[in-house]
Every structure is written in structure tokens, then in C-alpha cells.
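No experiment lies behind these values; they were computed from the predicted model shown.
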Amino acid sequence: QVQLVESGGGLVQAGGSLRLSCAASGRTFSSYAMGWFRQAPGKEREFVAHISWSGGSTYYADSVKGRFTISRDNAKNTVYLQMNSLKPEDTAVYYCAAKIPGKGAYGSSWSYDYWGQGTQVTVSS
């Protein structure tokens with residue numbers, strides 16, 4: 001199994017940037033595809049980005065395309081979410097998650113097997 005811990009959240013002004021990190025335990029990190037989700041108060045958990053086990057394929061929600069970049073470093077057992085041009089609408093708790101490649105849809109939270117506890121991102125204007 002995999003244990004995930006997010007970090008890097010905080011308070012930023014609109015237009016600013018943050019980089020979130022998700023550190024994974026275990027020696028089989030590279031066997032999992034990884035995703036980022038977010039949940040704002042009163043809203044449903046929302047897909048943000050996905051990256052394949054090798055890092056060769058990435059997918060993004062339309063709302064973050066061109067602004068966010070997901071990446072991974074399997075040697076460091078870490079996945080990242082670089083967030084640029086942040087908007088107040090990006091305010092949410094951000095979660096990283098791991099899934100078995102080929103099992104379920106990458107955009108569905110139900111497809112992921114392991115979750116971190118989340119990190120708060122607040123964008124002010």
C-alpha cells in the first residue's frame with residue numbers, strides 16, 4: 001500500500017503561484033498512477049490533474065489547463081502540482097491520490113485507492 005502526505009499549501013494573492021508536493025511511502029510508488037483533486041467548501045470533490053505511472057501521460061481539468069502542471073519524480077517518491085496564475089476560484093483543500101493503472105477512470109475519485117489528508121490552498125483578491 002501507499003501512504004501519501006501533501007505539503008506546500010498556503011495563502012497567496014490572485015495571480016500568484018504555489019507548488020504542492022505529495023510524498024509517498026513504500027517501494028512500489030512507480031507502480032501507481034497519481035492524481036490531484038480538490039474540494040472547496042460546499043462543493044463536490046473535483047478532479048484537477050492526473051499523471052501516469054511513468055510520467056509519460058498527463059491529463060487536466062479544463063478549469064486548470066494552461067495554469068497547472070502535474071509532474072512526478074519516482075526516484076524521490078514524490079508527485080508535484082505546480083499552480084500558476086492562481087484565481088480565487090482555486091481556493092480549496094487539495095488532495096493527492098494513487099490508483100492502479102488501468103483500473104477505473106482517472107477523473108473519478110472512486111477509482112483511486114489511496115489518499116492523502118489534504119493541504120489548504122487559499123487565493124485572495
Side-chain angles (χ1 to χ4, degrees):
Q1 63 176 14
V2 177
Q3 184 178 45
L4 306 172
V5 180
E6 302 96 335
S7 63
L11 174 65
V12 297
Q13 298 283 350
S17 298
L18 281 175
R19 188 177 76 160
L20 305 183
S21 297
C22 176
S25 66
R27 299 181 65 82
T28 58
F29 172 74
S30 63
S31 297
Y32 293 87
M34 300 293 297
W36 285 96
F37 291 76
R38 66 187 183 186
Q39 188 166 24
K43 294 187 177 181
E44 183 179 343
R45 187 174 297 179
E46 174 187 33
F47 168 74
V48 176
H50 171 94
I51 188 167
S52 63
W53 71 270
S54 66
S57 299
T58 58
Y59 303 92
Y60 299 91
D62 288 342
S63 60
V64 305
K65 284 182 179 178
R67 300 189 298 120
F68 291 10
T69 302
I70 187 171
S71 62
R72 69 190 296 163
D73 186 340
N74 287 344
K76 295 182 178 180
N77 287 357
T78 303
V79 63
Y80 305 95
L81 185 69
Q82 178 67 47
M83 305 185 294
N84 300 137
S85 302
L86 283 163
K87 305 174 181 179
E89 308 93 90
D90 296 318
T91 296
V93 176
Y94 283 71
Y95 300 89
C96 66
K99 74 182 292 291
I100 299 173
K103 180 183 178 183
Y106 64 79
S108 173
S109 62
W110 304 109
S111 299
Y112 291 75
D113 301 287
Y114 304 102
W115 292 83
Q117 293 187 335
T119 185
Q120 177 71 48
V121 172
T122 302
V123 184
S124 63
S125 63

Shortest non-hydrogen separation from Gln120 to Ala92 and the atoms involved: NE2-O, 3.4 Å
same_hphob_cluster(Trp53, Tyr80) at 4.5 Å side-chain heavy-atom cutoff: no
Nearest heavy atoms of Ser17 and Asn84, plus distance in Å: OG-ND2, 2.8 Å
Distance-minimising heavy-atom pair for Arg72 and Ser30: NH2-CA, 4.0 Å
Same cluster (ILVMFWY, side-chain, under 4.5 Å), Val79 and Val121: yes
Glu89 atom CD, over 12 foreign heavy atoms within 6.0 Å: yes
Mutual orientation of the aromatic rings belonging to Phe37 and Trp115 [parallel < 30°, tilted 30-60°, perpendicular > 60°]: tilted
Nearest heavy-atom neighbours spanning Asn77 and Asn74: OD1-O, 3.0 Å
Verify same cluster id: Leu81, Tyr106 (apolar side-chain graph, 4.5 Å): no
Any side-chain heavy-atom pair of Phe68 and Leu86 under 4.5 Å: yes
Side-chain heavy atoms of Met83 within contact of Val12, under 4.5 Å: no
Side chain Ser25, main chain Gln3, donor-acceptor under 3.5 Å: yes
Note, Ser63 side chain near Glu46 side chain (heavy atom, < 4.5 Å): yes
Closest non-hydrogen atom pair, Pro88 against Ala14: CD-CB, 4.1 Å
Atom pair CD (Gln82) and CG (Leu20), whose distance is rounded to the nearest 0.5 Å: 8.5 Å
Main-chain N/O of Ser7 paired to Tyr94 side chain as donor or acceptor, under 3.5 Å: no
same_hphob_cluster(Met34, Ile100) at 4.5 Å side-chain heavy-atom cutoff: yes
Within-4.5 Å side-chain heavy-atom neighbours: His50 and Ser111: no
N/O donor-acceptor pair under 3.5 Å between Arg67 side chain and Ser85 backbone: yes
Closest approach of Glu6 to Cys96 (non-hydrogen atoms, all atoms of both residues): OE2-N, 2.9 Å
Student check: side-chain heavy atoms of Arg38 and Thr91 closer than 4.5 Å: no
Verify same cluster id: Tyr95, Val48 (apolar side-chain graph, 4.5 Å): no
Close side-chain approach of Phe47 to Tyr60, heavy-atom, < 4.5 Å: no
N-O pairing of Lys87 and Asp90 below 4.0 Å: no
Check: Tyr32 and Tyr114 side chains under 4.5 Å, non-hydrogen atoms: yes
